[in-house]
Amino acid sequence: MHAEPPEHVGIDLAERSYEILIGARIFDAPHSYAGLGNGGAAVVVTNTTVAPLLAERLLTALRTQYPRVLLVTLPDGEEHKTWPTLNLIFDALLQAGCDRATTLFALGGGVIGDLTGFAAACFMRGVAFVQVPTTLLAQVDSSVGGKTAVNHPLGKNMIGVFHQPLRVVVDLDVLDTLPEREFNAGLAEVIKYGPIADAAFLGWIEANLPALCARDKPALRHAVKRSCQIKTAIVAQDEREADLRAVLNFGHTFGHAIENGLGYGRWLHGEAVGCGMVMAADLSARLGLIDAGYAKRIRDIVQRAGLPVVGPRLGTPRYLELMRVDKKARAGEIRFVVIEAPGRAGVRGAPDALVAQVIEAHTA
Ligand code: NAD
Ligand code: GLY
């Protein structure tokens, strides 16, 4: 059976421009990787969960394009998004005699993508890498835009660099094996794009949530494509997050506090972002930017996507302490992504007392 032609979404970043291919049965199609090789080895980085599902098929495809193909399998989990795990990649590359012509392939979710991209940025001062995202979250968000990082005990994604991939290969079929909880976590990042950038897209998500939750392929294809279009448009204007790109962090200030406060891996990143969006939308309403009805609409969509809408009771002082360790914070002031109008977001500070009201209202 022939793989159907993928759709292409381009990201315009001058000499760092690349394409996102979106389709079915494309991650193991040799032509998805045509023209990328530069004579060096292809190193697939994945984890213990994804390797048995998908690695051999990707290795087989890459063997047609690269002279040498290697596999590096890391432990699975957000708690492994750390320096020691990064070192496992460097150990494998050096032990295999890899050189500057090496291309890394991130086969997995956002954790593998962030680790592999960081490793690619650092190995021999920078080698190429390709994103092959296998979770919904990675397909609609983390594989695009070149943010790479590891977590620090004091803060999430605190140590990292910008390093753009050569290509992103999004195969919707690989989502078939994704557990429901992980799939729903990915929906949080899809929902995010509506309030921050495209009011009509939020309406589309609202109407098509049952189809999305049933993993209907045409619905998924539209959701992934529109998400990638919105993200690429924002990143193309502000690659290094001087300003505009921060809106992609809607829900993340509260969300990162939840993830870190509970210990990485207890709540999934997308779950924390979903609940964080509910809190950030309420903050936007309390700041008088949107009406309470719009905030409730966001809450209802997050809940219908099977995501938590009530945060853990870490205590307001702990939330505030955790949120001060955020890349958007300036001189100790927490800055939040707020919805300024349906489909438009901005970044601003808010009085602690108001933030405390939000925390009290949405945690238990
Ligand atoms: P993840 O990478 O931990 O993957 C979720 C789980 O699904 C893992 O257990 C994984 O092994 C498993 N899995 C992956 N693909 C599978 C498949 N096809 N079938 C079955 N199981 C599969 O989590 P995630 O939600 O993909 O990513 C979250 C991470 O992404 C966080 O660390 C977050 O900080 C990061 N992130 C980065 C960016 C960015 O711009 N770089 C953006 C958003 C999120
Ligand atoms: N996920 C946030 C960003 O890429 O900027």
Side-chain angles (χ1 to χ4, degrees), residues 11 137 140-142 144-147 156-157 185-206 223-224 226-259 269-303 305 307 309 311 323 326-330 333-351 354-355 357-359 361-362:
I11 176 161
L137 183 140
V140 299
D141 191 353
S142 62
V144 174
K147 275 189 180 175
K156 187 164 163 59
N157 292 333
L187 286 175
E189 303 279 15
V190 177
I191 293 166
K192 168 183 87 176
Y193 292 112
I196 66 164
D198 185 346
F201 186 46
L202 190 70
W204 181 89
I205 294 166
E206 210 166 21
V224 172
R226 186 70 197 120
S227 299
C228 289
Q229 285 171 335
I230 293 170
K231 178 150 188 184
T232 52
I234 291 172
V235 173
Q237 292 173 69
D238 180 19
E239 184 183 2
R240 290 182 163 249
E241 200 169 309
D243 184 12
L244 173 70
R245 184 171 176 166
V247 301
L248 292 169
N249 276 312
F250 177 49
H252 287 57
T253 307
F254 290 105
H256 284 171
I258 293 172
E259 280 188 277
H269 175 71
E271 291 173 337
V273 167
C275 188
M277 290 193 295
V278 173
M279 296 165 89
D282 183 28
L283 179 65
S284 310
R286 287 174 197 260
L287 285 165
L289 300 168
I290 53 170
D291 61 52
Y294 192 68
K296 181 174 180 311
R297 188 174 161 207
I298 292 171
R299 183 187 189 281
D300 289 348
I301 295 172
V302 170
Q303 191 165 35
L307 292 160
V309 292
M323 291 194 297
D326 183 274
K327 291 186 285 307
K328 292 182 295 303
R330 292 288 176 271
E333 188 203 20
I334 311 167
R335 292 160 75 243
F336 296 88
V337 178
V338 291
I339 303 306
E340 296 178 338
R344 198 184 78 227
V347 181
R348 64 175 73 188
L354 207 59
V355 178
Q357 285 175 21
V358 171
I359 294 166
H362 296 280

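Model, not experiment: these values are computed from the prediction.
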> Taking C-beta and beyond as the side chain, do V338 and V347 meet within less than 4.5 Å on heavy atoms?
no
> With a 4.5 Å cut-off on side-chain heavy atoms, are I334 and D326 touching?
no
> Evaluate the criterion side-chain contact (heavy atoms from CB on, under 4.5 Å) for residue pair C275 and V309; output intermediate values, then yes/no.
CA-CA 5 Å; C275 188; V309 292; 5.6 Å; no
> Would you find a donor on one side and an acceptor on the other, under 3.5 Å apart, between the side chain of Y193 and the backbone of V140?
yes
> So V190 and S227, do their side chains get closer than 4.5 Å, heavy atoms only?
yes
> Can you check whether L202 reaches R297 side chain to side chain, under 4.5 Å on heavy atoms?
yes
> Under a 4.0 Å N-O cut-off, is there an ion pair linking R330 with E333?
no
> What's the shortest heavy-atom distance between A285 and A292, and which atoms?
CB-CA, 4.1 Å
> Does a side-chain heavy-atom distance below 4.5 Å link I234 with V247?
yes
> Please report the shortest heavy-atom distance between A280 and V337, naming the atom on each side.
CB-O, 3.8 Å
> Is it the case that the side chain of K156 and the backbone of H256 share a donor-acceptor pair, with hydrogens and angles ignored and the cut-off at 3.5 Å?
no
> Which atoms form the tightest heavy-atom contact between A185 and L137, and what is the distance?
O-CD1, 4.1 Å
> Salt-bridge test for K327 and E241: reply yes if a basic N is under 4.0 Å from a carboxylate O, no otherwise.
no
> Looking at every non-hydrogen atom in both residues, tell me the closest pair between V358 and M279 and how far apart they are.
CG1-O, 3.4 Å
> Measure the shortest side-chain to side-chain distance between Y294 and P195 over non-hydrogen atoms and say whether it is less than 4.5 angstrom.
yes
> With rounding to the nearest 0.5 Å, note down the distance linking CD1 in I191 to CD1 in I301.
6.5 Å
> So, S142 versus K147: side-chain donor-acceptor pair below 3.5 Å or not?
no
> With heavy-atom distances below 4.5 Å as the criterion, would you say the side chains of I196 and E340 are in contact?
no
> Measuring from atom CD of E239 to atom CD1 of I11, what distance do you get when rounded to the nearest 0.5 angstrom?
7.5 Å
> Ring pair (Phe, Tyr, Trp, His ring centres under 6.0 Å) between F254 and F336: does it pass, once the steps are laid out?
CA-CA 9 Å; F254 290 105; F336 296 88; 5.1 Å; yes
> Within a strict 4.5 Å, meaning less than it, do heavy atoms of the R348 and L287 side chains meet?
yes
> Looking at L248, is its backbone amide N or carbonyl O close enough to the side chain of K192 to form a donor-acceptor pair, meaning the two atoms are under 3.5 Å apart?
yes
> Output yes when K296 and D282 qualify as a salt bridge under the 4.0 Å nitrogen-oxygen rule, no when they do not.
no
> Distance from I205 atom CD1 to I298 atom CD1, nearest 0.5 Å?
10.5 Å
> Is a side-chain N or O of K328 found less than 3.5 angstrom from the main chain of A246, in a donor-acceptor match?
no
> Nearest 0.5 Å please: distance from the CD1 atom of I230 over to the CG atom of D141.
11.5 Å
> Counting only N and O atoms by type, is there a donor-acceptor contact under 3.5 Å from the side chain of R245 to the main-chain atoms of G145?
yes
> Can you tell me how far the CG atom of N249 sits from the CZ atom of R335, to the nearest 0.5 Å?
11.5 Å
> For residues I290 and A281, report the shortest heavy-atom separation together with the two atoms involved.
CD1-O, 3.6 Å
> Between H269 and H252, how do the two ring planes meet: parallel, tilted or perpendicular, split at 30° and 60°?
perpendicular
> Mind running side-chain contact (heavy atoms from CB on, under 4.5 Å) on N157 and E259 for me, showing each step along the way?
CA-CA 11 Å; N157 292 333; E259 280 188 277; over 6 Å; no
> Would you name the heavy atoms of F201 and G194 that are closest together and state the gap between them?
CD2-N, 4.2 Å
